[in-house]
Amino acid sequence: YWDVFPFPAFLPPLMVVLAWGILLFLKSRKPTNQLPFTGKMKLGNKLYHAFLEIPSRLWRKLIGWSFGRYVIFSLQYLLLLKAMGLTESWLELAGLISMIFGIRSFVPSLAFADVGVRESVAVGVAQWMGIAVFPVLMATLILFVINLVIPALIGLALFWQAEEERVKNRKVSTSVS
């Protein structure tokens, strides 16, 4: 199918840009008592007013950090996919990554660190696009280890070190008293 109709790789990033544009538009509006499209939905209006409470400077920082995180994770994923030997074009792989991240952000999960969810989304999108599944699965697992497992282990080691130091200081202070 994708040989006849090439995958529109620009669509997922375009959807992200449109979502940010809608949020920025809502942020730029004058506050009203009620949004026209929420009707009598109290929760929608509460969320809208809470959204308006965020200072513009903080909002710009949030967008910048979110965009930077997305770019870094996407580049890591893209390089891992190429290192796994995928021969698809960079643009097609960027579309794959955008779809995986986009779908993953809407899939609810109660699993610890979304283990299994991110991998199943990646496999499903790769199959749908006709891309080899095993390299995508391996790149997804490696990305998980690089961005979640290794930092968590470093944090755990630092936590244990700080806890040992705290226990030592407590022993010293109780023995001095």
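- For Phe73, the side chain to side chain contact (heavy atoms under 4.5 Å, CB included) criterion is met by Arg69, Gln76, Phe101, Asn147, not counting sequence neighbours.
- Pairing each heavy atom of Ala132 with each of Ala126, the nearest pair is O-CB, 4.5 Å.
- Once rounded to the nearest 0.5 Å, the distance linking CG of Leu143 with CG of Leu148 reads 8.0 Å.
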Steps toward side chain to side chain contact (heavy atoms under 4.5 Å, CB included) verdict (Glu92, Met129): CA-CA 9 Å; Glu92 193 171 10; Met129 289 181 63; 3.9 Å; yes
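- Between the CD1 atom of Ile97 and the CG atom of Leu78 there is a distance of 4.5 Å, given to the nearest 0.5 Å.
- Contacts of Thr140 classified as side chain to side chain contact (heavy atoms under 4.5 Å, CB included), with partners at least two apart in sequence or in another chain: Tyr77, Arg118, Glu119, Ala122, Val136.
- Put simply, the side chain of Arg57 reaches to within 4.5 Å of the side chain of Lys61, judged on heavy atoms.
- With sequence neighbours excluded, the residues forming a side chain to side chain contact (heavy atoms under 4.5 Å, CB included) with Leu75 are Val71, listed by chain and number.
- Ser120 pairs by the side chain to side chain contact (heavy atoms under 4.5 Å, CB included) definition with nothing, not counting sequence neighbours.
- Between the side chain of Lys82 and the backbone N or O of Trp90 there is no donor-acceptor pair closer than 3.5 Å.
- Looking only at side-chain heavy atoms (C-beta outward), Met84 and Leu81 stay at 4.5 Å or farther from each other.
- Taking Glu163 as the reference, Arg166 meet the side-chain hydrogen bond (donor to acceptor under 3.5 Å, both in side chains) condition, with sequence neighbours excluded.
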Side chain to side chain contact (heavy atoms under 4.5 Å, CB included) between Leu93 and Leu96, intermediate numbers included: CA-CA 5 Å; Leu93 291 177; Leu96 169 77; 4.2 Å; yes
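- Applying the salt bridge (Lys or Arg N to Asp or Glu O under 4.0 Å) rule to pairs touching residues 99-110 yields Arg104-Asp114, sequence neighbours excluded.
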Leu58 vs Leu62, side chain to side chain contact (heavy atoms under 4.5 Å, CB included): CA-CA, chis, key distance, verdict: CA-CA 6 Å; Leu58 180 60; Leu62 174 67; 5.6 Å; no
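- Within the structure, the ring-ring contact (aromatic ring centres under 6.0 Å, His included) test picks out no pair touching residues 151-172 (sequence neighbours left out).
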